[in-house]
Amino acid sequence: MINLGLIGYPLDHSISPKIHQAALESCGLEGKYTLFPILPDDLQGLKSILSRVRSGEITGLNVTIPYKESVISMLDQLTPTAKAIGAVNTIFMFKGKLTGENTDSSGFLTDLHHQFDLRKEKQKENLNALVLGAGGSARAVTHALLEDRWNIALTARRPDQVDELIAHFSNRGSRLSCLEYRPETLSSLIPSLRLIVNATPVGMLPDVGFSPWPEGLPFPQNALLYDLVYNPRETKLVQDARAVGLPAVTGLGMLVEQAALAFKLWTGCEAIRNEMFGTKVIL
Ligand code: NAP
């Protein structure tokens with residue numbers, strides 16, 4: 001019996017149990033995926049869940065807000081990816097050590113290349129991306145895009161948050177820059193942009209009428225757009241981008257991919273992505 005689960009708060013709207021149930025079924029494994037809501041100040045609750053992973057009672061955990069960074073000090077080791085990003089979304093025992101990994105980054109990059117055919121272009125250097133937001137997922141996206149050799153401009157409503165993110169990656173070369181989150185400042189970048197990534201929650205249910213794209217800023221003519229928000233299936237940002245002819249997707253593919261990568265670490269089984277996407281999981 002495989003015991004999996006998610007720690008964080010709040011967890012009411014999580015679709016991870018459905019996705020992982022589909023993964024268990026696709027691998028023919030018996031198990032369950034439980035939501036463990038832990039209030040932000042409940043350190044004892046967090047420690048107690050982690051001790052159940054150490055003892056083997058729980059096989060593995062996903063981690064979401066607000067614990068992706070703060071849980072690190074309670075683990076024995078991090079994978080190189082989790083260390084580089086500075087955040088953990090997956091916990092498991094490896095060679096007797098409580099280990100933290102971050103599968104958001106590979107989940108994003110794998111789905112980006114699945115959604116858009118970038119093979120020819122990636123032979124060239126110097127493709128330019130703009131990332132909106134500078135929180136946890138922006139870090140994972142930045143790590144992924146750096147690995148994939150993009151130049152990355154970051155913009156967020158708090159420039160100090162972007163500065164902090166850039167400082168975190170300061171040992172990774174000089175392909176990161178910070179731009180003010182204003183149409184006047186961003187407009188100079190527009191003609192050279194090949195990719196836009198939304199890593200803010202703007203447009204997420206229930207606030208579906210909003211877009212993080214600055215008002216009055218034209219979309220680039222030749223860019224792809226990846227919105228990490230997956231709920232609703234088509235955000236206002238994606239609708240607006242498609243309306244002017246840009247290929248644009250929301251983040252359900254990334255959600256499934258990061259889940260499948262975590263599931264493989266826990267069980268050794270490669271779950272069938274289509275079944276994880278399947279009708280049982282649809283939002
Ligand atoms: P986070 O750590 O809270 O960061 C959110 C970022 O967006 C911060 O820079 C935040 O700035 C900014 N922001 C929030 N509200 C904003 C607003 N109204 N206008 C402009 N900027 C705003 O959150 P996260 O973990 O990065 O998640 C961001 C989104 O990505 C969420 O919707 C999440 O569901 C989604 N996500 C999807 C996947 C997937 O697999 N598809 C994976 C991870 C995350 P402040 O700090 O100033 O608020």
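No experiment lies behind these values; they were computed from the predicted model shown. In each ligand, atom 1 is the first atom listed, and ligand 1 is the first ligand listed.
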**Q** For atom 19 (N) of ligand 1, grab the closest protein heavy atom and report residue, atom and distance to one decimal in Å.
**A**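 So the nearest neighbour among protein heavy atoms is Val202 CG2, 3.6 Å.
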**Q** So which protein heavy atom does atom 3 (O) of ligand 1 come closest to, and at what separation?
**A**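 Nearest neighbour among protein heavy atoms for atom 3 (O) of ligand 1, to 0.1 Å: Ile65 CD1, 4.3 Å.
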**Q** In ligand 1, which numbered atoms sit nearer than 4.0 Å to a non-hydrogen atom of Tyr181?
**A**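 Answer, ordered by atom number: 20 (C).
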**Q** Run the side-chain contact (heavy atoms from CB on, under 4.5 Å) check on Lys83 and Gln77 step by step: do they pass?
**A** CA-CA 9 Å; Lys83 201 180 250 175; Gln77 62 179 7; over 6 Å; no
**Q** Report the member of Ala87, Pro214, Pro201 with the shortest heavy-atom distance to atom 14 (C) of ligand 1.
**A** Pro201
**Q** So for ligand 1, is Arg157 a polar contact partner (N or O within less than 3.5 Å, distance only)?
**A** yes
**Q** Below 4.0 angstrom, N of the basic side chain to O of the carboxylate: do Arg54 and Asp76 qualify?
**A**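 Result for this pair is yes, salt bridge flagged.
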**Q** For atom 6 (C) of ligand 1, decide whether some protein heavy-atom distance is shorter than 4.0 Å.
**A**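 So atom 6 (C) of ligand 1 has protein heavy-atom neighbours under 4.0 Å.
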**Q** Where is the nearest protein heavy atom to atom 4 (O) of ligand 1: which residue, which atom, and how far?
**A** Gly135 CA, 3.3 Å
**Q** Is there a nitrogen or oxygen of Lys68 sitting under 3.5 Å from a nitrogen or oxygen of ligand 1?
**A** no
**Q** For the residue pair His143 / Asn102, report whether a side-chain donor-acceptor contact shorter than 3.5 Å exists.
**A**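 Their side chains do not contain a donor-acceptor pair, so the 3.5 Å distance test is not met.
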**Q** Under a 3.5 Å cutoff, is there a donor and acceptor pairing between the side chains of Asp240 and Ser211?
**A**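 The criterion, which ignores hydrogens and geometry beyond distance, is not satisfied for Ser211 and Asp240.
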**Q** Within the 4.5 Å heavy-atom criterion, are Ile38 and Tyr9 side-chain neighbours or not?
**A** no
**Q** For atom 33 (C) of ligand 1, which protein heavy atom lies nearest, and how many Å away is it?
**A** Met204 SD, 4.7 Å
**Q** Hey, what's the ring geometry for Tyr226 with Phe108, parallel, tilted or perpendicular (30° and 60° as the breaks)?
**A**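 The rings of Tyr226 and Phe108 stand perpendicular, inter-plane angle above 60°.
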**Q** Using a 4.0 Å cut-off to any heavy atom of Val229, which atoms of ligand 1 qualify?
**A** 32 (O)
**Q** Among all the protein's non-hydrogen atoms, which is closest to atom 24 (P) of ligand 1, and how far away is it?
**A**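 Looking at atom 24 (P) of ligand 1, the protein heavy atom closest to it is Ser137 OG, 3.4 Å.
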**Q** Please step through side-chain contact (heavy atoms from CB on, under 4.5 Å) for the pair Leu237 and Phe219, ending with a clear verdict.
**A** CA-CA 11 Å; Leu237 175 62; Phe219 280 107; 4.1 Å; yes
**Q** Please state which protein non-hydrogen atom is closest to atom 9 (O) of ligand 1 and give its distance, to 0.1 Å?
**A** Gln161 OE1, 2.7 Å
**Q** Return the closest protein heavy atom for atom 2 (O) of ligand 1 as residue, atom name and distance.
**A** Gly136 N, 2.9 Å
**Q** Under 4.0 Å from a heavy atom of Gly133: give me the atoms of ligand 1 that qualify, with their elements.
**A** 9 (O)
**Q** Please name the pair of heavy atoms, one in His20 and one in Asn62, separated by the smallest distance, quoted to 0.1 Å.
**A** NE2-OD1, 3.3 Å
**Q** For the hydrophobic clusters of this structure (ILVMFWY residues joined by side-chain heavy atoms under 4.5 Å, transitively), does one cluster hold both Leu6 and Leu4?
**A**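 Leu6 and Leu4: one cluster.
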**Q** What do you reckon, is CD of Glu147 surrounded by more than 12 foreign heavy atoms closer than 6.0 Å?
**A** yes
**Q** Would you say Phe94 ends up clustered with Leu61 if hydrophobic residues are merged whenever their side chains have heavy atoms under 4.5 Å apart, either directly or through other cluster members?
**A**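 Not linked; separate clusters.
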**Q** Show me which atoms of ligand 1 lie under 4.0 Å from any heavy atom of Gly251.
**A**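 Listed by number with element, the hits are 39 (C), 41 (N).
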**Q** Would you check whether Ala199 reaches within less than 4.0 Å of ligand 1, judged by its heavy atoms?
**A**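 Checking ligand 1 against Ala199, which is what was asked, there is a heavy-atom contact under 4.0 Å.
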**Q** To check your reading of the model: name the closest protein heavy atom to atom 46 (O) of ligand 1, its residue, and the distance in Å.
**A** Arg158 NH2, 2.7 Å
